[in-house]
Engineer: 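To start, I am sharing the structure in question, which I have written as structure tokens.
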Amino acid sequence: MTNELKERVKAIVGDSFPSLVALSEKLHANPETAWSEHQAVEWVSARLAEGGFEVTTPYLGLDTAFHARFGDGEVRVGLCAEYDALPGLGHACGHNLIAATSVGAALALAEVADEAGLTVEVFGTPAEEGGGGKIEMLDRGAFHGLDLAMMVHPAPVDVAEARPFAVSHSEVTFTGKAAHAAAYPEHGRNAADAFTIAQVALGLLRQQLPASVRVHGVVTDGGEAPNAIPERTRGRWYVRAGSLDELAQLEPRVWRCFEAGALASDCELSVRPESKPYAEFRTDERALAAYRRNAEALGRSFAAAEQASRMNRASTDMGNVSQVVPAIHPYIGIDSLPALNHQREFADHCVGKQAEQAIRDGAIALAWTAIDVFARGGTDGT
């Protein structure tokens, strides 16, 4: 029974494959950043509606989120579709492939939902790149009660297990006082100096930080004119750690560096969280083992431990979902090396032959995993 279902799933992914590639390419050509994914929501949810899914959008009061549902089985399997792009870099993290792959897996599972005893759900999740879309959805009731949540994320190579850092995202603003930089400099309070001092302090702090901690950011507004003391400067800063607990312990030391900048420059400091912190990932081992077997059955091979330990540390708000329901977040390779995630060259690799193969293999592997874990008589079923 299980083998029959899996063969049907594979055939269905093959039948829908041209439309999945078209969806991925359309998203790639029209990148939209966090909370602005209006076209993406329409295109992704429309493809599911064509497949018979009941679609709700906006979802839970979020304009660029959606929920799609098919079937009424006792077991609820959720697939997450990310589709936001990076500011200035487009789909340099390949979320166009995530959306297409999750849609492909969902369409295939819908065709066997009755026999497998499944309810198939797709969650359109905006603002993964710093906005915490899944966290907002969790807080409003999404994902709760799922028996398994899944997605695959593109990467240079295949990596089975996600081990992301917990991370906080913050907007930092210094406010001083403008003045003519040559005629009346003593009347100014330099907000750009505040950032310089803060970054020097961060550089010195890094020597005392654990190896599991990362601190990095960018100045997004450094002033307006070279002959005017900058009155206001802004930046975006991330603090990463091995867990939410470690993040909570170490983050105050980071913010004291920014406080030092404010104190030394006589400026005011404002730190505004852009979202709730992203959590570390809690992997469902049974589902991950099934995914690994299925990916290998499709001819994929996983990176060695040293190489895998780099990519699987990328942070994701899927970590928060994994704290509430069983979840997996494997990485699927698109043979992009030396191009890496969040590089323009990686975005170029997110269309083309290898990217299309990742859509096909990822959709089949995810669907097969659900069948193995939950279908009666499945490899891991009970």
Side-chain angles (χ1 to χ4, degrees), residues 9-59 63-70 77-86 89-111 120-129 133-134 150-155 298 318 331-334 336 341 346-367:
V9 158
K10 186 176 182 179
I12 294 159
V13 171
D15 291 342
S16 61
F17 183 63
S19 69
L20 300 177
V21 171
L23 174 62
S24 172
E25 290 179 346
K26 186 183 292 188
L27 294 170
H28 188 273
N30 298 275
E32 297 170 301
T33 55
W35 305 117
S36 300
E37 312 95 328
H38 299 285
Q39 293 180 113
V41 165
E42 179 182 348
W43 296 332
V44 178
S45 63
R47 182 63 188 90
L48 290 162
E50 291 172 8
F53 280 74
E54 180 183 350
V55 174
T56 301
T57 187
Y59 180 52
D63 288 342
T64 57
F66 74 82
H67 177 254
R69 180 185 178 105
F70 188 100
V77 173
L79 293 147
C80 291
E82 297 175 4
Y83 33 67
D84 61 318
L86 286 157
L89 292 173
H91 278 292
C93 210
H95 291 192
N96 58 303
L97 300 178
I98 296 172
T101 301
S102 288
V103 168
L107 293 172
L109 284 173
E111 292 290 334
V120 185
E121 302 180 45
V122 182
F123 295 85
T125 62
E128 191 277 334
E129 296 289 358
K134 294 183 190 66
M150 300 187 293
M151 60 175 282
V152 294
H153 195 297
L298 292 166
M318 189 69 170
Y331 293 90
I332 192 161
I334 58 172
S336 66
N341 294 65
F346 189 83
D348 295 339
H349 284 273
C350 288
V351 291
K353 182 178 179 180
Q354 294 299 324
E356 293 170 12
Q357 190 65 45
I359 294 171
R360 183 192 297 270
D361 289 348
I364 294 170
L366 287 176

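For the single chain, residues carry numbers from 1 onward in sequence order. For clarity, every value in this text was computed on a predicted model and none was experimentally measured.
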Engineer: How close do Ser36 and Thr64 get, heavy atom to heavy atom, and via which atoms?
Structural biologist: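 Minimum heavy-atom contact is C-CG2, 4.2 Å.
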Engineer: Please report the closest heavy-atom contact between Ala81 and Val122, naming both atoms and the distance.
Structural biologist: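 It is CB-CG1, 4.2 Å.
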Engineer: Please assess Leu48 against Val103 for the test side chain to side chain contact (heavy atoms under 4.5 Å, CB included), listing each intermediate value before the final yes or no.
Structural biologist: CA-CA 7 Å; Leu48 290 162; Val103 168; 4.1 Å; yes
Engineer: Keeping Glu128 on the side-chain end and Lys134 on the backbone end, is there a donor-acceptor pair under 3.5 Å?
Structural biologist: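 Side chain of Glu128 to backbone of Lys134: no pair is present.
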Engineer: Do you know which of Leu366, Ile359, Ile364 makes side chain to side chain contact (heavy atoms under 4.5 Å, CB included) with Val13?
Structural biologist: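 Exactly one pass, corresponding to Ile364.
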Engineer: Do Met150 and Met318 touch side chain to side chain, with heavy atoms closer than 4.5 Å?
Structural biologist: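 They are not in side-chain contact.
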Engineer: Apply side chain to side chain donor-acceptor pair (under 3.5 Å) to the pair His67 and Glu121, showing each step before the final yes or no.
Structural biologist: CA-CA 7 Å; His67 177 254; Glu121 302 180 45; 2.8 Å; yes
Engineer: What distance do Glu42 atom CD and His38 atom NE2 have between them, rounded to the nearest 0.5 Å?
Structural biologist: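 It is 11.5 Å, given to the nearest 0.5 Å.
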Engineer: Could you tell me whether a side-chain N or O of His28 sits under 3.5 Å from a main-chain N or O of His91, the two making a donor and an acceptor?
Structural biologist: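 Not confirmed, His28 side chain does not pair with His91 backbone.
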Engineer: Compare every heavy atom of Ala110 with every heavy atom of Val120, then report the nearest pair and how far apart it is.
Structural biologist: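 Between these two residues, the closest heavy atoms are CG2-N, 4.1 Å.
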Engineer: Enter the distance from Cys80:SG to His153:NE2 here, rounded to the nearest 0.5 Å.
Structural biologist: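 The SG atom of Cys80 sits 12.0 Å away from the NE2 atom of His153.
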Engineer: Taking the six-membered ring for Trp, are Phe53 and Phe70 closer than 6.0 Å centroid to centroid?
Structural biologist: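 Ring-ring flag for Phe53/Phe70: true, centres closer than 6.0 Å.
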Engineer: Taking the side chain as every heavy atom from C-beta outward, state whether Leu27 and Val44 have any pair of such atoms under 4.5 Å apart.
Structural biologist: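 Yes, at least one pair of side-chain atoms sits under 4.5 Å.
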Engineer: Looking at Val55 and Ala68, what are the two nearest heavy atoms and their distance?
Structural biologist: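 Scanning both residues completely, I find the closest heavy atoms to be CG2-CB, 4.0 Å.
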Engineer: Check for a donor-acceptor pair, side chain of Glu37 on one end and backbone N or O of Trp35 on the other, with a separation under 3.5 Å.
Structural biologist: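 Confirmed, Glu37 side chain pairs with Trp35 backbone.
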Engineer: Quick one: pull up SG in Cys93 and CD1 in Ile98 and give me the separation to the nearest 0.5 Å.
Structural biologist: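 Separation between the atoms: 6.5 Å.
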Engineer: So that I can tick it off, tell me whether Arg69 and Glu54 are bridged by a salt bridge, with the cut-off set at under 4.0 angstrom between side-chain N and carboxylate O.
Structural biologist: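 No salt bridge links Glu54 with Arg69.
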Engineer: Of all heavy-atom pairs between Ala85 and Pro31, which one has the smallest distance, and what is that distance?
Structural biologist: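 The answer is CB-CB, 3.5 Å.
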Engineer: Walk me through whether Leu107 and Arg47 qualify under side chain to side chain contact (heavy atoms under 4.5 Å, CB included).
Structural biologist: CA-CA 9 Å; Leu107 293 172; Arg47 182 63 188 90; 3.6 Å; yes
Engineer: side-chain contact (heavy atoms from CB on, under 4.5 Å) with Ala358: which residues, sequence neighbours excluded?
Structural biologist: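 For Ala358, the residues satisfying side-chain contact (heavy atoms from CB on, under 4.5 Å) (neighbours in sequence not counted) are Ile332, Ile334.
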Engineer: Are any non-hydrogen side-chain atoms of Glu25 and Val21 less than 4.5 angstrom apart?
Structural biologist: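 Side-chain contact under 4.5 Å: yes.
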Engineer: Can you establish whether the number of heavy atoms outside Glu50 located under 6.0 Å from its atom CD is more than 12?
Structural biologist: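 Enclosed.
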Engineer: What's the separation between atom NZ in Lys10 and atom CG in Asp15, rounded to the nearest 0.5 Å?
Structural biologist: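 These two atoms lie 13.0 Å from each other.
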Engineer: Nearest heavy-atom pair of Ala155 and Asn341: which atoms, and what distance?
Structural biologist: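 Heavy atoms of Ala155 and Asn341 come nearest at CA-OD1, 3.7 Å.
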Engineer: Within the structure provided, determine whether Glu32 and Gln39 are in side-chain contact (heavy-atom separation under 4.5 Å).
Structural biologist: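 Heavy-atom side-chain distance check passes, below 4.5 Å.
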Engineer: Partners of Phe346 by ring pair (Phe, Tyr, Trp, His ring centres under 6.0 Å), sequence neighbours excluded?
Structural biologist: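 In terms of ring pair (Phe, Tyr, Trp, His ring centres under 6.0 Å), with neighbours along the sequence ignored, Phe346 is linked to no residue.
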Engineer: Leu79 versus Phe123: any side-chain heavy-atom pair under 4.5 Å?
Structural biologist: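 Side-chain contact under 4.5 Å: no.
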Engineer: Kindly indicate whether the side chain of Thr125, heavy atoms from C-beta on, has any atom under 4.5 Å from the side chain of Tyr83.
Structural biologist: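 Answer no - side chains too far apart.
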Engineer: Which pairs pass side-chain hydrogen bond (donor to acceptor under 3.5 Å, both in side chains) with one or both residues in residues 95-110, sequence neighbours excluded?
Structural biologist: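 Listed once each, the pairs are Ser24-Asn96, Glu82-His95, Asp84-His95, His95-Glu129.
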